[in-house]
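Worksheet: one structure, shown below.
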Amino acid sequence: MPVHAITLTHREGPESPESRAAASVIRGAGLMLDALEVRTCYLIEGDLTKGHIDQACAILADPVLETVSVTQGKIPAGADSGTQVIVRRKDGVMDPAEASVIKALRNAKIDVHAVKRAHVYRTTSRLDKDAIRGLSRALVNDVVEELVAGELAVTTLSIDAPYRFKRIEVPIRNLDEAGLKELNSHHSLSMNMAELKATQAYFKRAGREPTDVELEMIAQTWSEHCKHKTLTGPVHYEEKDAGADSLFELAPAVTPQGGKIKGLLQSTIKRATDELDRPFCWSVFVDNAGVIEFDHEHGVCIKVETHNHPSAIEPYGGSGTGIGGVIRDILGTGLGAKPIMNTDVFCVGPLDMPRENVPKGALHPARTLRGVVAGVRDYGNRMGIPTCNGAVYFDERYTGNPLVYAGCIGLLPRGSVVKEAQPGDQIVVIGGRTGRDGIGGATFSSVELTEESEVVSSGAVQIGNAIQEKSVLDVLLKARDENLYNDLTDCGAGGLSSAVGEMGHRSGAKVELAGVPLKYQGLSYREIWLSEAQERMVFAVPPKKLDRFLDLCASQDVETAVIGSVSGDHNMTVTYNGEVVLSLPMEFLHDGLPRVERKAQWTPTKPRASGSARVRSNDPGEILRAILASPNVCSKEWIIRQYDHEVQGMSAVKPLSGVFRDGPSDAAASVPKPKGDKAVVIGCGVNPHYSDIDPYWMAHSAIDEAIRNVVCTGGNIDHTAILDNFSWGNCDKPDRLGAMVRACAACYVAAKALGTPFISGKDSLNNEFATDQGTIAIPHTLLITAMSVTNRNWLTTMDLKQPGNLLYVVGSTRRELGGSHYNLVTGKTSMDVPRAWPQVALSTYRAINRAQDAGLVRTAHDCSEGGLAAALAEMCFAGALGAEVALTQALAASPDARDNTALLFSESNSRIILEIRPEHETRLKDIFAGLPLVSLGKVSSSSCLVVKGLGGEALLNEDIESLRETWKQPLFRAMGETPPAIR
Amino acid sequence: MSETPKVLIFFSAGFNTEAETKDCFERAGAEVDVVHINAIVKAPEQLKQYDILVVPGGFSYGDDIGSGVVFANQLRTLLRKQIETFLDNGGLMLGVCNGFQVIMKAGLLTSPDGHFEERPSATLTWNQSARYEDRWVRLKVTGGRTPWLPDDGGIECPVRHAEGRFVPRDAATLKRLRDNGQLVLHYADERWQPATRFPENPNGSEEAVAGICSASGQVLGLMPHAECHTYYWHHPHWTRDNTQTLRDTNGLKLFQAGVNGAKQRLAKL
């Protein structure tokens, strides 16, 4: 069928916002172009009349701003005097715009066969081949897009191909170890020798050879991604030179038998939850997400996922499908929860990294960050879920292997927490169609990245279609409320294989693949079974409710297909047009994985000095400004405002607070039932630099920080649950695993002492990047997310409120500068990483809750990166008020902290700065009797933060507007922009 | 005795503020149904039961081509007669954010007769910043023309959009709308005067236009999310103070004005 190219030209030409934005990206990549203009072109295939084409133009072009040109079979080259390049997504790569255009045209009774979108970049500059290559690097990700210079001829958009069924067997029974290894790499199974042998033994017993999908389903079900072998398997921990920080001293309960640990997760994280046995925990570690009580009618659930490896290769698609995936986790929690908040945390390389220092095969950190932010923005915003909490952390070791954490919080009725598929239930897949997207994602995420990953793994990358998932969300919640199904699971890594395998794991399932709706023809049974195409959910629907379920989906344009049934024979059976292509007992799939004991070792090492030290002087003001401008601390407004953080009308504490709405909130609070008086508070903690000294104290600090953030904002310490997300290096290497053991042990100790159970978690291992010069492992990174259910009237923000009010700090300050931002900006190193005293912390947090309940707390702010000095600065500029503070001996909890530097910049845990009205001083002191509470000074109406040292000398006298600018500008500047003026 | 006005909120793939919008109309005293476009198209005569039609915010059909265009065309091709009759009979209509984009692109705001228009004379397009932003703004109200708004005063609430820049076809169009009193909401600076600069004018709208009404005043469209400042704790400053200012700039008054307008019409029928 003919292809018509409809090209839209904007009346503002190079001055249109799209053109200017593209020019800015290209400039950022070091290319200067004159009069760059971006045009959008829709390639439309179909037998269309002139009338149809005119009508299509009227629909696609803005009547005020755009003019249209139509050509046949090609996008013509531009004028001779300049350069034109055309960028489009590769065949088969999702572009949600195409479905929108088809919808719009078919509504208008224009029968189109297929649509593809392209962007045409024209400049008056004449570019040679090298310059075009540079332009391509700036604009195009080769994994999903292609660039054509000049004219683009298009004769068809169809990518359908015929498929002839052939059942493929893979001989395994007679292979020796070398043969098994060869098989492992040929099929990208990522299995170890014990697993290969267990698989071989199974098929010897079965007396037959496996099919290709049987092998791949076993590999996938047993993958690190799905089974978490490292955290659930046995470990032998040893340490050397640990001194006072010996794990046998710090956490004797975790290491009772000389370092032999049966299962790390079971003996640390889950154990804390079991032993705490908090009644507010409704469902923990058994479902997609943990569920805790919200009120007597509803629970709140939370899940945080990583999507690191896909985001390394294609940041936009990787982070978008990361958020899309975790939203489906929440949709699939219990019988379905309504997503009410999203979170995101990114760890990337330094934005100012010189291009020549970027390892081959990796993207520049600025490009990675721009991509992952856009991915979360475009997916989360379209889903109508506010993205309201997060963090960004920078370290050069993240460059080749950035981290993308995406979280989602949901609300579900008490009666919907438990689900169970019943034999006879029909298995129905709904939502997106299946294509060749992301095949092998589960096994891909379980291996380390190399500079080749970009080439070999492009199949593992997907781009999402949020509106498809939004429609699934809409019908899912209606179907839940009509009680139309017994079970549901999301299609994530592993696709149908994983989803149906999970749904049928107690009773067995039979699936026929020929009826699965496809995006295009030509997929083999293997591709259909393993595809990780997005936006699909699988339901177990009782036969008598099937018609209503299918009608409900159809009424909101959600496609469905009945693909099988829950069987009761405890076997996974898959057919293609009736021919059996997979038949495996559920028991072997889920419990046949052999367990290997792994070695874990720990020897303390001195951290390396930061390469990014900026300050040589000892002037506290200069050090404070350097900390405020440092990438981890500086304002993330450039990111935050790109996210809708208040859709659904529940937002009570937003990510930015204060007079000019630009101060850094400690946590976000939402009121999921606006007519009620309860709130959910979400905060996080992440301290990868502490890992370089000791992952034990890193983990303890991350937990304390997440909880502190939540408590500052009004969270109730006695109704708080936490989540762990480990991103680690290759744990087959004993030092990486040794670090993991220490972090897990701290998780047990801290959670137990603070009374905050872990309710869910996820680990991502093998975060290493192989280069010619060796392997770069990321810093051991543990993200802790805390969720608290609290009273709305306890909520507070971090901006100073009223001159004359008093400032107090709760908690003890020690000389703890190891891994601190003071060390980072001054280039110093030291081993004195922040420690924790969780029993005191618990009493302190409870006292803060009592003060919040009594209405005494006007402002509370967490002391973390940059210590007391940075926290005070943030409170001042957020409130547009000054402060007069005097450091006193009373602040120091240890003799070595009786020092201005330590008092200003130590990152000691469990400290919070409070602002109270003068008349409440006595009541506050009563509440904190016996706890560390020290007066700092008062809020002033001046525009200065004034801090006097221990000897009464002037340490800081900083103009708060200048501090604000110092803190506010760096990220905007790094992304090539100017921050907006305030007011 | 006045009857309770009935509100219909259109729903379809990608809309996402229907729940909080429903809450606002209910608190303002109306009965509210959220109905999928497919169900309306099946039985379009049901529109007659309603006094107010609302197109909520979100990303209808993904907004991947011009925002709101696909849904606007659905209304135009599938429900044109019913909606025009509804308006001819004095019904009220509201579009917020994506809903504003929809009714703007359907021509319902700029056409001289209040009906659909094939080529509307104004549009909403990409923010000058070329990206999506969530940011609180001040809205200066110049009502009078429309039952949806008081005669003056202000509202504070967030904008959350990528394509909210108001651009008229030409100076004559702008003059016509201005002279007609249709430019009823303006982004305002700290002195509550129309804002020319970013970020007070968050998208670069001409004449700082944040919302306009139809020639008759029955139809109102606005980019900012008035429904997102209807509880005192929505306001970013609620932890700072609870003074009258915060209450004065609450967005619920818009929904109350609309419902009152519908009540007055019902009383006259």
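Each chain gets a letter, A, B and so on, in the order its sequence line appears, and its residues count up from 1. These numbers come from the heavy atoms of this one structure, side chains and all, not from hydrogens, waters or symmetry mates.
Contact count against chain A (heavy-atom pairs under 4.5 Å) is highest for Q128(B) among H161(B), Q128(B), H225(B), E118(B). Among A374(A), S657(A), G658(A), the residue making the largest number of heavy-atom pairs under 4.5 Å with chain B is G658(A). Ranked by heavy-atom pairs shorter than 4.5 Å toward chain A, the options F198(B), F71(B), Y231(B) are led by Y231(B). Contact tally against chain B (heavy-atom pairs below 4.5 Å) for D95(A), D557(A), L105(A), V101(A): the top residue is D557(A). In terms of heavy-atom pairs under 4.5 angstrom with chain A, the leader among R119(B), H36(B), E18(B), H229(B) is H36(B). When each of K654(A), R117(A), Q468(A), E15(A) is scored by its heavy-atom pairs under 4.5 Å with chain B, the top score falls to K654(A). In terms of non-hydrogen atom pairs under 4.5 Å with chain A, the most contact-rich of D63(B), I65(B), I37(B) is I65(B). The candidate with the highest count of non-hydrogen atom pairs below 4.5 Å against chain B, out of D474(A), T796(A), L8(A), is D474(A). The candidate from L60(A), L473(A), T859(A), L795(A) with the greatest count of non-hydrogen atom pairs under 4.5 Å with chain B is L795(A). Between chain B and the options K109(A), R377(A), R20(A), heavy-atom pairs under 4.5 Å are most frequent for R20(A). Contact count against chain A (heavy-atom pairs under 4.5 Å) is highest for V70(B) among T230(B), D189(B), V70(B). Here G62(B) is the residue among G62(B), G66(B), C228(B) with the most heavy-atom pairs under 4.5 Å with chain A.
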- [ ] In sequence, state the C-alpha distance, the side-chain angles, and the governing distance for F11(B) and Q556(A), and then conclude on side-chain contact (heavy atoms from CB on, under 4.5 Å).
- [x] CA-CA 10 Å; F11(B) 190 69; Q556(A) 302 209 5; 3.9 Å; yes
- [ ] Give the C-alpha distance, both sets of side-chain angles, the deciding distance and a yes or no for salt bridge (Lys or Arg N to Asp or Glu O under 4.0 Å) between D64(B) and K103(A).
- [x] CA-CA 11 Å; D64(B) 300 296; K103(A) 171 97 191 158; over 6 Å; no
- [ ] Let me see the working for R165(B) and E12(A) under salt bridge (Lys or Arg N to Asp or Glu O under 4.0 Å), right down to the final yes or no.
- [x] CA-CA 13 Å; R165(B) 175 164 58 110; E12(A) 294 167 336; 2.9 Å; yes
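Counting heavy atoms from C-beta outward, P63(A) and R169(B) have side chains that approach closer than 4.5 Å. W233(B) has its side chain out of reach of S651(A): every pair of non-hydrogen atoms, C-beta onward, lies at least 4.5 Å apart.
Distance alone, capped at 3.5 Å, places no donor-acceptor pair between the R661(A) side chain and the H237(B) backbone. Looking at K105(B), its side chain never comes within 3.5 Å of a backbone N or O of D62(A) through a donor-acceptor pair. Of the possible polar contacts, none joining the Q642(A) side chain to the E133(B) backbone as a donor-acceptor pair under 3.5 Å is found. For the pair T797(A) (side chain) and T239(B) (backbone), a donor-acceptor distance under 3.5 Å is absent.
Of the two parts of V558(A), neither the backbone nor the side chain holds a non-hydrogen atom closer than 4.5 Å to a non-hydrogen atom of chain B. Only the backbone of Y643(A) comes within contact range of chain B, with at least one heavy atom under 4.5 Å from a heavy atom of that chain. With a threshold of 4.5 angstrom between heavy atoms, A652(A) approaches chain B through its backbone and through its side chain. Within the 4.5 angstrom heavy-atom criterion, atoms from both the backbone and the side chain of H234(B) approach chain A. With a 4.5 angstrom heavy-atom cutoff, N465(A) does not touch chain B via any of its atoms. For S121(B), the part sitting under 4.5 Å from any heavy atom of chain A is the backbone (N, CA, C, O) and nothing else. If you measure heavy-atom distances from E977(A) to chain B, the contacts under 4.5 Å come from the side chain alone.
Salt bridge R240(B)/E915(A): absent, no basic N to carboxylate O contact under 4.0 Å. No salt bridge links D134(B) with R641(A); every basic N to acidic carboxylate O contact stays at or beyond 4.0 Å. A salt bridge is absent between R131(B) and E18(A); no separation between the charged side-chain nitrogens and carboxylate oxygens falls under 4.0 Å. A salt bridge links D23(B) and K675(A); the closest N-O separation between the charged side-chain nitrogens and carboxylate oxygens is under 4.0 Å.
Sparse packing is recorded around NZ of K175(B), with 12 or fewer heavy atoms of other residues, nucleotides or ligands lying under 6.0 Å away.
The distance from atom CG of N73(B) to atom CG of N107(A), rounded to the nearest 0.5 Å, is 8.0 Å. Interatomic distance, CZ of F15(B) versus CD1 of I467(A), reported as 10.0 Å (0.5 Å rounding).
Scanning all heavy atoms of the two residues, the minimum distance from M383(A) to N16(B) falls at C-ND2, 4.4 Å. Of all heavy-atom pairs between R11(A) and V167(B), the closest is NH2-CG1, 3.4 Å.
Defined by atom type and a distance below 3.5 Å, a donor-acceptor pair is missing between the side-chain atoms of Y132(B) and D378(A).
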